[in-house]
Amino acid sequence: MQRPGMKEELPKQYDHSTTEKRWYQFWLQKGYFHSQPNPQRKPYCIVIPPPNVTGALHLGHALNNTLQDILIRQKRMQGFETLWMPGTDHAGIATQAVVERRLWQEERKTRHDLGRAALVERIWKWKDEYEARILDQLKRMGCSCDWQRTRFTLDPICARAVRHSFFRLFRDGLIYRGKRLVNWDTTLQTVISDDEVFHEQVPGHFWYFRYPVLDPQPGDPPYVTVATTRPETMLGDTAVAVHPEPAAALDKAERELANRLATAPAKERPQLEAELAELRQRRSSLLPLLERLRDMARQGRKVLLPLLNRPIPLICDEWAKPEMGTGCVKITPAHDPNDYEVGLRHGLPMINILNLDGTLNANAGPFQGQSIEQARRNVVAAMEQQGLLEKVEDRLIDLAHSDRSKTPIEPMLTDQWFIRMERLAQMAMEAVQDGRIKIIPARYAKGYLDWLAEKRDWPISRQLWWGHQIPIWYCQTASDVELQRAFAGRQDICWRQDQDSGQWLICALEEDLPEDAIPGHRLRREEDVLDTWFSSALWPHSTLGWPDQTEELLYYYPTSVLVTSRDILTLWVARMVLMSLYNLGQIPFYEVYIHPKILDAYGETMSKSKGNGVDPVDVMEKFGADSLRFGLAYLTTETQDIRMRVDFECPHCGKLLEQTLDNRTLPRITCPHCGKPFATQWAEKPEDKALPRGPVVSERFELARNFCNKLWNASRFALLNLSGYCPAPVPDAELRIEDRWILSRLATVTQQVTDALAEYRFSEAARTLYEFAWDEFCSFYVEMLKSRLQEQGSRAVAQRLLAHTLDVLLRLLHPMVPFVTEEVWQRLADFAPERGIDRPERAAESIMIAPWPTADARRIDPQIEAQFARFQQVLRAVRDVRARQNVPPKRKIRFLVRCDVPTALLLEPMAEYFGPLAQAEPTGWGPDVQPPPLVATVATAGMEIFVDLAGLIDLEAEIARKKQELAKLQSLMEAKQRKLADPAFLQKAPAAVVQQHRQSLQSLQEQYDALQRWLTQHAQMPS
RNA sequence: GGGCGAUUAGCUCAGUUGGUCAGAGCGCCACGCUUACAACGUGGAGGUCGCAGGUUCGAUCCCUGCAUCGCCCACCA
């Protein structure tokens, strides 16, 4: 394919809209993104953290993928065989929930109305739509993924890896089925993992219930009081617990409190003292009762569970804390995690009172069929009616909610599948502990290790329809012999007896089993699907073709780095590590880079549901993809999250309106500037949707947009001045000071950027390039080339240097701003197809595949850089005087520099640049210059600059200013002198530092003297 | 309760193996459309680097405590 056509004229402003699509197509058609195993090169591979197909990408994804593309593009230029594996995640619960919600909103249907197959079909449609949108977003950002390899966690390749992993785990006894108390989401009707639960404080109550004592003996209390925040659970109570050693427990609590009090800061003391007093009070009032109850429990006494009139035992268990509540605790093993443990310890019945939809079941007796809320009210009312409600307290309750449906979690006893973590977690910990996997920044390793150290078994079954169905078939009736006969010689089938139910659990590797796989018996397939993280955990190797030993797997694995944000370090990263170690005996990646999170102006993470999410496409349409990318890289520092104020942009008048907590979820907003309404992402009603949409953008991308424009214009200057360019080596002898300076700086910057990217210091790389390109290349070098390009004699060399410097700069910038650099690269090729000042070579047909620059250490010249800094100092001083004295811009001024001979020798060759850069003309430099009578002076270290201001100067103002400066210098000098008079400093500080301070004082003294001279001289002059 | 991070100019944030590094962008002020760029140029104002101690010849940087904010994990009948 030919290079796509470019408009001949160069617009003054860089127009991203006309270039981005063109070059992306060009790259695609050239096949640059595609990677094949190539033994001649080293591999570099990143697997994308697959975005959920739940919805479109927001700025957090944009950041994640920008950083990956920067790494990938740089490594590609560095000559690695570079593969960026793209794909998306089916995100089981989240996606099904979104589709179900929409089904309900639009058609008032539940998933049961539709049935499994139809619902799954709908979700596939949703997936197709959003996957396309997501991939399009990535492409617009310029991501150089190998699209030919795009995967989806439910596609056949991933599904095969899931089946193989499950089969191996099951065969090895690492997967089991068991009754467990799980987090039940009554809305979605599925179990969710602890990690999908969030806690929220809600106002609630503390109800005190009385349970009558059965057959009270003399001295027994008539009833036992227990407190609860969930009254309805009493229907499932199977015991009341009291501490076995209440006195000892109270002593211990008291000791602990006293210890805390001893070390507590004054502020917390009153609080602690109050607690201590209360504890002592409680001891005297409650202890006899608790000890009595303890004795009763030991005797096997019972209480009567009201409403259901079920006798339940009093038991002794340490879970009942005498210092809390009433000192006694009701035990509901089937609906509370702690009670469940108690139930296991005491062999208590576990009575489930809930149906899957959150209504009460037959075990709830008269409350059957009621919702939890109804039952709660009715239970309380009934207890009150029977005189068994002692009191009610208001209280804030930390309630567990489902992250997916936002409904309160009900702990529920159900059959679930688990993975034993003991061994797997250990392996995953060791991989990080022994340094095989490096987590960057290192502080995140702790969270990873702590989480794994708990080694809690991983619940992997979900009662969903969208996902990988668990490849298990149940058979109740067959015998072991029949199984062996039916599956004789089949390596791909294994089975085990379920401990609880006694039925066979049969696992099949790749083929699904028919109902009649065992003659004379019926098999029933497990309906549950696997937790989404199960397939995500396989992502690095499943996408490369495992379980087959594909060429790709052998070549690219382990992958180079995983780039992600900290919140899924455990959920995803840890699980990838352990599954990879289990399946392949290899780590999945060498490094894990954790990048910052993007927060809104209020410090909240961005999410679509909050309404503060920003579509990167909005940002790109306004600022361009390069600006999005550069802006994000510029903000990616090691410690800070990225806080970003976002604004609505009115589609009518273009003005910005800050997004606030109040307006961010409105479906339509009326622009306060022009009074016209526009739609937001929340628009659903037809009349809202018909309005033009107001995109959400952030002014934090302006810096990057301006930078791209600056780069564009510097390039534009180059292109306008390269006609007649002729490549040739430039010998050192032909280099001028400014050339040696820019080449030295270029080499330094090359090294700095290369190092920064190697260590994931994106912000530093971006800042280094920003400053070099703007403050050095544009502000000085290009300015100084202007006159050289005008003159025939110097033009050719100047062109070679210009082309070369721009060429290197473009390559260094390309990973961050791929589009504008390619646009310039291509145009540059028209004038200067061969570039370089040592040995000019033909430039690559695309900057994407041009070699990454290497720092030429030979060019680094600190002396020249220091000398050039001198020149800049003089220039700044002259400009300063001009501005201060309000010298009209076109008026030329003259100046002298009093300095030593070496400095004068340096300044000499720069003389001609003071004209174009400062409208100034040097009339002499050296130790013996004679300043004219009326001058403005600037004294800097080692130099005194006199600007001739005859007829221009505002003497009064200048004198006032000088006096101020004098005072400032004086205080600086005094501080210095004090320091240099301090024997401790002289004795202990390194000699070099002392010397530095001496020089510094001397220089201050010179400046001071110069000012003094000027003041004495001008004080007598008539103004 | 445990852990992690932050606190620097009006705003958003860099920075430091502890010694002229107190910086950038935006905003503000003054002057300029000078033949790459007003999305620009030149110059300027603006900060006892959260507070209090400590270590050190020397602390914005290291240590301790405190305050405020954010995040993660655990947990409260």
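None of the values given here were measured: they were computed from a predicted structure. Chain A is the first sequence line, chain B the second, and so forth, proteins listed ahead of strands; every chain is numbered from 1.
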Subject >> Donor-acceptor under 3.5 Å (D641(A) side chain, K597(A) main chain) >> reply: yes

**OP:** Identify which nucleotide among U42(B), A39(B), G43(B) has an atom closest to any side-chain atom of R705(A), counting heavy atoms from C-beta outward.
**Re:** A39(B)

Original post:
Atom CZ of R645(A) and atom P of G25(B): how far apart are they, to the nearest Å?
Top reply: 19 Å

Original post:
What orientation do W712(A) and Y14(A) show, parallel under 30°, tilted 30 to 60°, or perpendicular over 60°?
Top reply: tilted

Original post:
For W712(A) and C40(B), what is the distance between atoms CH2 and C1' respectively, to the nearest whole Å?
Top reply: 17 Å

**OP:** Write down the distance separating the P atoms in C62(B) and C71(B), rounded off to the nearest Å.
**Re:** 25 Å

**OP:** Please report, rounded to the nearest Å, how far the P atom of C69(B) is from the CG atom of D600(A).
**Re:** 17 Å

Subject >> Distance-only donor-acceptor test, K710(A) side-chain atoms vs C37(B) base atoms, 3.5 Å >> reply: yes

Original post:
What integer number of Å spans the C1' atoms of U16(B) and U8(B)?
Top reply: 12 Å

Original post:
So does K786(A) reach the base of A36(B) with its side chain, donor to acceptor, closer than 3.5 Å?
Top reply: yes

Subject >> Separation of G41(B) C1' from N706(A) CG (nearest whole Å) >> reply: 14 Å

Original post:
If you look at every strand shown and take non-hydrogen atoms under 4.0 Å, does T229(A) touch a base, only sugar-phosphate, or nothing?
Top reply: sugar-phosphate

**OP:** Can you figure out which of C73(B), C37(B), U42(B) approaches the side chain of E454(A) most closely?
**Re:** C73(B)

**OP:** Sticking with atom P, work out how far G58(B) lies from C40(B), rounded to a whole angstrom.
**Re:** 46 Å

Original post:
At under 4.0 Å between heavy atoms, what does R566(A) touch on the DNA or RNA strands: base, sugar-phosphate, or nothing?
Top reply: sugar-phosphate

**OP:** Could you check if a side-chain atom of W319(A) sits within less than 4.5 angstrom of a side-chain atom of I331(A), using non-hydrogen atoms only?
**Re:** yes

Subject >> Nucleotide-resolved protein contact map, nucleotides 4-22 of chain B, B/S/- at heavy-atom distance under 4.0 Å >> reply: SSS-----SSS----BB--

**OP:** Looking at every strand, decide which applies to A320(A) at a 4.0 Å heavy-atom threshold: base, sugar-phosphate, or nothing.
**Re:** base

**OP:** With RNA chain B as reference, determine whether R230(A) or Y14(A) sits nearer its 5' end, using the nearest nucleotide of each.
**Re:** Y14(A)

Original post:
Are more than 12 heavy atoms from other residues, nucleotides or ligands located less than 6.0 Å from atom CD of E759(A)?
Top reply: yes

Original post:
Any side-chain heavy-atom pair from L789(A) and F717(A) closer than 4.5 angstrom?
Top reply: yes

Original post:
Given atom CG of L875(A) and atom C1' of G41(B), what is their separation to the nearest angstrom?
Top reply: 13 Å

Original post:
Any idea which of A36(B), C40(B), C57(B) is nearest the N713(A) side chain?
Top reply: A36(B)

Subject >> Distance between P atoms of G43(B) and G18(B) (Å, rounded) >> reply: 33 Å

Original post:
When you compare A30(B) with A45(B), how far apart are their C1' atoms, in angstrom units rounded to a whole number?
Top reply: 11 Å

**OP:** Check every strand shown and say whether C708(A) touches a base, only sugar-phosphate, or nothing at a heavy-atom separation below 4.0 Å.
**Re:** nothing

Subject >> Interatomic distance, T228(A) atom OG1 to K330(A) atom NZ [nearest 0.5 angstrom] >> reply: 4.0 Å

Subject >> Proximal nucleotide (of C57(B), G25(B), C37(B)) relative to the R716(A) side chain >> reply: C37(B)

Subject >> Lys/Arg N to Asp/Glu carboxylate O, R788(A) vs E912(A), below 4.0 Å >> reply: no

Original post:
Between G43(B), C57(B), G41(B), which nucleotide has the shortest distance from any of its atoms to the side chain of W774(A)?
Top reply: G41(B)

Subject >> Interatomic distance where CG belongs to L399(A) and P belongs to A74(B) [whole Å] >> reply: 16 Å

Subject >> L986(A) or W319(A), whichever maps to the more 5' nucleotide of RNA chain B >> reply: L986(A)

Original post:
Once you round it to whole Å, what is the distance between P of C71(B) and CD1 of I568(A)?
Top reply: 18 Å

**OP:** Could you tell me whether the side chain of T19(A) and the main chain of H16(A) form a donor-acceptor pair under 3.5 Å?
**Re:** yes

Subject >> Between G32(B) and C69(B) - P atom distance, rounded Å >> reply: 48 Å

**OP:** State, yes or no, whether a side-chain contact exists between L628(A) and F623(A) at a heavy-atom distance under 4.5 Å.
**Re:** no

Subject >> Cation-pi, Y770(A) ring and K710(A) (6.0 angstrom, 45 degrees) >> reply: no

Subject >> Rounded distance in Å - CG (L789(A)) to C1' (U35(B)) >> reply: 13 Å

**OP:** Could you tell me whether the side chain of D880(A) and the main chain of R876(A) form a donor-acceptor pair under 3.5 Å?
**Re:** no

Subject >> Pair pattern of RNA chain B in dot-bracket, where unpaired bases get dots and | marks partners in another strand, Watson-Crick or G-U under 3.5 angstrom >> reply: (((((((..((((.....[...)))).(((((.......))))).....(((((..]....))))))))))))....

**OP:** Answer yes or no: does a side-chain N or O of N338(A) lie under 4.0 Å from OP1 or OP2 of C75(B)?
**Re:** no

Subject >> Same-atom distance (P) from U48(B) to U42(B), integer angstrom >> reply: 28 Å

Original post:
Would F707(A) and Y634(A) count as a close aromatic pair, with their ring centres under 6.0 Å?
Top reply: no

Subject >> Proximal nucleotide (of C75(B), G43(B), A39(B)) relative to the Q13(A) side chain >> reply: A39(B)

Subject >> Inter-nucleotide P distance (C49(B), U60(B)), Å rounded >> reply: 6 Å

